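These notes are about the structure you will find just below.
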2 protein chains.
Amino acid sequence: MPARRSSDDLKGVIRDFRRDQVIEVARRLFGERGTTEVPMDEIAAEAGVARSTVYVYFASRDELLRACLKQMHDQLRETIAAQWERDVEPDRRLRSLVDGMLERLDDNPAFFRLALVTQEAVTQGGAAVGSELALIGLDVARLISDLYVEGVSRGMFRSMDPDRATALIGQQIYGAMSVRAGDVAPLPRAEAVDEVTDFLLRGLAV
Amino acid sequence: MPARRSSDDLKGVIRDFRRDQVIEVARRLFGERGTTEVPMDEIAAEAGVARSTVYVYFASRDELLRACLKQMHDQLRETIAAQWERDVEPDRRLRSLVDGMLERLDDNPAFFRLALVTQEAVTQGGAAVGSELALIGLDVARLISDLYVEGVSRGMFRSMDPDRATALIGQQIYGAMSVRAGDVAPLPRAEAVDEVTDFLLRGLAV
DNA sequence: CCCGCAATCGGACATAGTGTCCGATATAAT
DNA sequence: ATTATATCGGACACTATGTCCGATTGCGGG
């Protein structure tokens with residue numbers, strides 16, 4: 001039986017490798033051109049598989065999109081986790097969070113665009129896709145909420161409803177990412193992170 | 001000649017009326033379901049014209065989309081202009097701007113979603129569509145910039161690079177709109193406007 | 001009323017892409 | 001060699017887009 005099992009493992013490894021190739025290609029092309037304008041033929045060809053094989057791995061374009069989002073989500077989680085352990089102060093954690101998000105964006109500009117264009121997929125009734133997006137949103141929101149509450153308890157942040165504060169902070173980060181994703185000449189990241197973090201902390205008023 | 005001219009005017013009026021009908025329907029359906037998932041057949045049927053007639057008025061789906069954006073832009077300009085004349089103080093103007101944007105969003109929730117999903121059309125190489133979006137962005141940015149500069153000169157806002165301040169303010173507003181567009185139970189508008197404006201002014205720090 | 005003109009309609013057509021299906025092929029294990 | 005499994009490649013049915021064009025409709029003028 002051991003050889004049999006080893007063979008299944010190898011098949012699984014090969015299959016996962018192939019599947020990941022398709023996801024990588026799809027992520028890039030979807031990010032560049034949107035979720036609906038890239039023919040499955042093209043994704044298959046670039047991934048080096050037959051088009052019908054793509055449908056063996058993914059039931060539909062939507063499911064492929066969902067897989068792309070999941071991969072993105074996993075990477076985001078890793079990035080944020082790594083940043084998070086490095087900082088303890090709430091304001092530094094805030095900075096880390098912004099940094100992590102912008103880092104993922106810059107590492108793969110198509111990253112955010114994929115999330116952005118995926119809003120359309122949600123609008124189109126892609127419930128499964130929507131739930132993957134919601135998970136990403138919840139992860140980030142929880143991090144924001146935690147750091148906000150900690151900031152208040154340390155007397156660094158002014159007191160507001162935590163949910164509202166979380167929403168407002170998230171809005172700024174989301175907006176910053178949106179703008180940066182479309183910017184042909186974005187600021188150096190460290191500078192952009194400082195700027196957004198500063199603005200979040202201090203606002204406009206003198 | 002006068003009667004001849006009058007007839008041409010009537011034809012123009014009828015044609016514009018029909019064209020606007022198509023735009024209205026398309027705006028709604030695009031906003032609800034995205035720019036690519038609504039068949040032109042359906043838009044035509046709901047607007048009460050033949051599908052081939054839609055192509056008489058608009059060369060393509062993209063051109064129809066562009067017309068939708070232009071209509072949206074015109075309405076936004078009217079809303080902002082009306083709000084703008086009512087307030088002079090920079091912080092009140094800021095509030096008016098946020099209010100105006102959220103008002104347009106609430107008046108037609110599909111409004112913002114249309115702009116959001118149109119980001120995808122831009123990604124897809126819709127240059128003409130992109131330029132319409134850019135015009136909207138420039139309008140809003142100019143308003144933000146003006147009020148920011150005035151706020152600094154009055155000693156109400158702290159001094160930063162005006163372009164960066166404009167970008168940061170714009171990001172928050174954009175994020176607020178994005179979140180609100182997807183919210184099934186959004187805050188009452190006045191409350192949301194106050195909250196965003198307050199956050200813009202004061203930030204997080206105590 | 002009739003006629004001419006312009007706009008619109010309705011349908012056919014070619015094309016592109018999606019998802020399904022299946023026989024042929026390739027590969028690995030026994 | 002045989003068997004089992006995964007993949008390939010292509011055919012198919014269907015949907016939607018944009019183009020084209022003859023038929024129909026509506027309006028204005030004589």
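Here the structure is a predicted model, which means the values were calculated and not measured. Chain identifiers are assigned alphabetically (A, B, ...) following the order of the sequence lines, protein sequences preceding nucleic acid strands; residue numbering begins at 1 within each chain.
- The separation between Met40(B) atom CE and dG18(D) atom C1' is 9 Å, rounded to whole Å.
- When rounded to the nearest whole Å, the span between CD of Gln21(A) and P of dA6(D) equals 18 Å.
- With rounding to whole Å, Leu65(A) atom CG is found 12 Å from dG19(C) atom P.
- Val54(B) comes within 4.0 angstrom of nothing in the nucleic acid, heavy atoms only.
- Taking the charged nitrogens against the carboxylate oxygens, Arg93(B) and Glu150(B) have no contact shorter than 4.0 Å, which rules out a salt bridge.
- Residue Ala59(B) is the one, among Ala59(B) and Ile14(B), whose nearest nucleotide of DNA chain D lies closer to the 5' end (criterion: closest heavy atom).
- Comparing Thr53(B) and Pro39(A) along DNA chain C, the residue whose closest nucleotide (by nearest heavy atom) sits nearer the 5' end is Thr53(B).
- A salt bridge links Asp74(B) with Arg77(B): the closest approach of a Lys/Arg side-chain nitrogen to an acidic carboxylate oxygen falls below 4.0 angstrom.
- Between dG19(C), dT8(C), dC8(D), one nucleotide has an atom nearer to the side chain of Arg15(B) than all others, and that is dT8(C).
- If you check every strand for non-hydrogen atoms under 4.0 Å, Phe58(A) touches nothing.
- At a cut-off of 3.5 angstrom, counting only N and O atoms as typed in the model, there is a donor on one side and an acceptor on the other between the side-chain of Ser52(A) and the base of dG9(D).
- Atom P of nucleotide dT7(D) and atom CG of Asp16(A) are separated by 11 Å, given to the nearest angstrom.
- At a cut-off of 3.5 angstrom, the base of dG9(D) holds no donor-acceptor pair with the side chain of Arg51(A).
- For Arg19(A) and dA6(D), the CZ to P distance is 15 Å, given to the nearest whole Å.
- With sequence neighbours left out, the side-chain contact (heavy atoms from CB on, under 4.5 Å) criterion links Leu187(B) to Arg164(A), Arg180(B), Glu191(B), Ala192(B), Glu195(B).
- Straight-line distance from the CZ atom of Arg18(B) to the P atom of dA7(C): 12 Å, rounded to whole Å.
- Residue Tyr55(A) has no polar side-chain atom (N or O) positioned under 4.0 Å from OP1 or OP2 of dT7(D).
- When rounded to the nearest whole Å, the span between CD of Glu37(B) and C1' of dT15(D) equals 11 Å.
- Between Gln21(B) and Ala47(B), the shortest heavy-atom distance links the atoms OE1-O, 3.8 Å.
- Judged by distance alone, the side chain of Arg158(B) and the main-chain N or O of Gly203(A) form a donor-acceptor pair under 3.5 Å.
- A straight line from CZ of Phe17(B) to C1' of dA7(C) spans 16 Å, rounded to a whole angstrom.
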